[in-house]
Amino acid sequence: MNSMAPGDLPPSRTETDVIIIGAGPIGLFAVFELGLLDLKCHLIDILDRPGGQCTELYPEKPIYDIPGVPVVTGQELTDRLMQQIRPFGAQFHFSEMANRLHRLEDGRWQLSTDAGTVLVAPVIVVAAGGGSFVPKRPPIAGIEEYEGKSVFYAVRRMEQFRGRDVLIAGGGDSALDWTLNLAPVANRLTLVHHRDGFRAAQHSVNRMRELVGEGRVNFHVANVKALHGANGQLEAVTLTGPDKKEWRQEANAFLPFFGLTIKLGPIAEFGLNLHENLIPVDTAKFESSTPGIFAIGDINGYPGKLKLILSGFHEAALMAQAAFHICRPNEKLRFQYTTSSSNLQKKLGVA
Amino acid sequence: MKIIATDRKGVVHEVEGTLGWTVMEALRDAGLPVAAECGGACACATCHVYVDEEWFGKLNPPSPEELDMLDMAVAVESNSRLSCQIRCEPALDGITVTIAPE
Ligand SMILES: Cc1cc2nc3c(=O)[nH]c(=O)nc-3n(C[C@H](O)[C@H](O)[C@H](O)COP(=O)(O)OP(=O)(O)OC[C@H]3O[C@@H](n4cnc5c(N)ncnc54)[C@H](O)[C@@H]3O)c2cc1C
Ligand code: FES
């Protein structure tokens, strides 16, 4: 690798062979294929755990079309991939958004995350699926202005809500868990949901109803229709009930919990060629039109593409061969089978 | 069968639904903005529609799974349904829906 001008890199950066954006099934399997070729990987995912769509959308649903595995759930497939790649010691950066990519003078790529992680590598593998999983934003006019100041999609510090009039919207586990956790901290806690029924765990629902009985939590069947306040500081909301009745309620913190949705996100700003939110690739290397940047899994597009896990696995294998030549330009790549190569078996820790 | 769908800009579209397929598939295949992230597995709530009152009562009632998933949709109203859980059948010819906000 070339040496680089001092000052080219920020003080705390990590150098590696391959940076993989997305720890869905395809990003995970890429670690395996790259690992067999002795390439080290770092993975970044905005989710707090591996598996992408498999664990976020269908952890308990069965998959029947993984070759040689008649049935496996989304969670089980993820667990097995994690087991399969363990020998390669990939580094995971969870709950981080890959949000800036640029080319260094020496030709390598520098990728930074919203949490301040800075990685440098000659190869980037975009395995970002349909994009990043981000919280669903309720369709309330002007809500953006309040986000991060008085509207929050996650609780990082409970203390932040001490003494505030907190409004929580939603009927899933997050809505209920935070209702229970924040009730003792908030000045007043109000939960609103579109029905008097919840998908959350029954014991949380029971506990919430007890708190309502004791007058420590307010619950309304309602939707939030409008926000009132200034400079991002919420003062009150307009709620509408089932009979279209509207009323105003004071609140200076609003926590909507409607789960996650998929948005393409920062990848759109990476300067890559995109066609209908997909990265066009060649089908020999699965490289994008930018040399050194590969795209595999649901995020890529090519004639005949099928958004299937098995297709992504194949793409990962071919990508790894091409990535090797970029990372180790002076080395010869030897094609070997895991069945018969003691060299590969050593890497896998089985020989 | 016909599906009359109003998009988020208020434009009305007439979409052909294939019997036995779902309303979500008809809307998505017609290029209407239904994300349907989970592909109809009742696991994402991004195929949320409002069904005109006239038609709402003609639908099979939602399954417990659909009711649970609707809890993850935003702006749910009394006539909300997940379009991937509505199957196209002759009795629904002309069903009128509005695509819910994202
Ligand atoms: C309900 C359902 C059932 C399915 N059933 C099957 C089946 O039976 N068989 C089959 O083959 N396929 C099935 N699929 C499709 C399969 O799940 C996908 O093809 C597969 O998940 C694609 O994997 P991926 O790794 O490319 O992307 P994903 O699984 O989408 O993972 C991408 C990851 O990248 C992360 N990410 C994106 N951008 C960023 C960023 N900028 N910073 C940080 N993180 C980022 C995302 O958060 C996500 O975790 C199903 C899908 C669904 C929804
Ligand atoms: S398409 Fe996901 S719930 Fe209907």
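None of these values were measured; they are calculated from a predicted model. The figures here come from the full heavy-atom set of this structure, side chains too, leaving out hydrogens, waters and symmetry mates. Convention: sequence-line order gives letters A, B, ...; per-chain numbering from 1.
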So, the part of B:Ala35 with a heavy atom under 4.5 Å from chain A: the answer is neither

Ranking A:Arg199, A:Lys225, A:Gln53 by heavy-atom pairs under 4.5 Å to chain B gives rank one to A:Arg199

Here the gap from A:Lys136 atom NZ to B:Cys44 atom SG, rounded to the nearest 0.5 Å, amounts to 6.5 Å

If one checks every heavy atom of A:Lys307 against chain B at 4.5 Å, the contacting part turns out to be neither

Between A:Thr261 and B:Thr46, the two heavy atoms sitting closest are OG1-CG2, 3.9 Å

Chain A shares the most heavy-atom pairs under 4.5 Å, among B:Ala45, B:Ala100, B:Ala41, with B:Ala41

Under 4.5 Å to a heavy atom of chain B? For A:Arg195 that would be side chain

Closest non-hydrogen atoms of B:Glu37 and A:Leu260, given as atom of the first, atom of the second and distance, are OE1-O, 4.5 Å

Margin query: Just checking A:Glu60: does its CD atom have more than 12 heavy atoms from other residues, nucleotides or ligands closer to it than 6.0 angstrom?
Written below: no

I'd like to know whether CH2 of B:Trp21 has more than 12 heavy-atom contacts from other residues, nucleotides or ligands below 6.0 angstrom.
no

**Item:** B:Glu77/A:Lys244 salt bridge by N-O under 4.0 Å criterion
**Value:** yes

Closest non-hydrogen atoms of B:Glu102 and A:Pro139, given as atom of the first, atom of the second and distance, are O-CB, 4.1 Å

Correct closest heavy-atom pair for A:Gly197 and B:Asp71 would be O-OD2, 3.8 Å

Of A:Glu56, A:Arg137, A:His193, the largest count of non-hydrogen pairs under 4.5 angstrom with chain B goes to A:His193

Smallest heavy-atom separation, A:Lys61 atom then B:Ala43 atom, equals NZ-CB, 4.0 Å

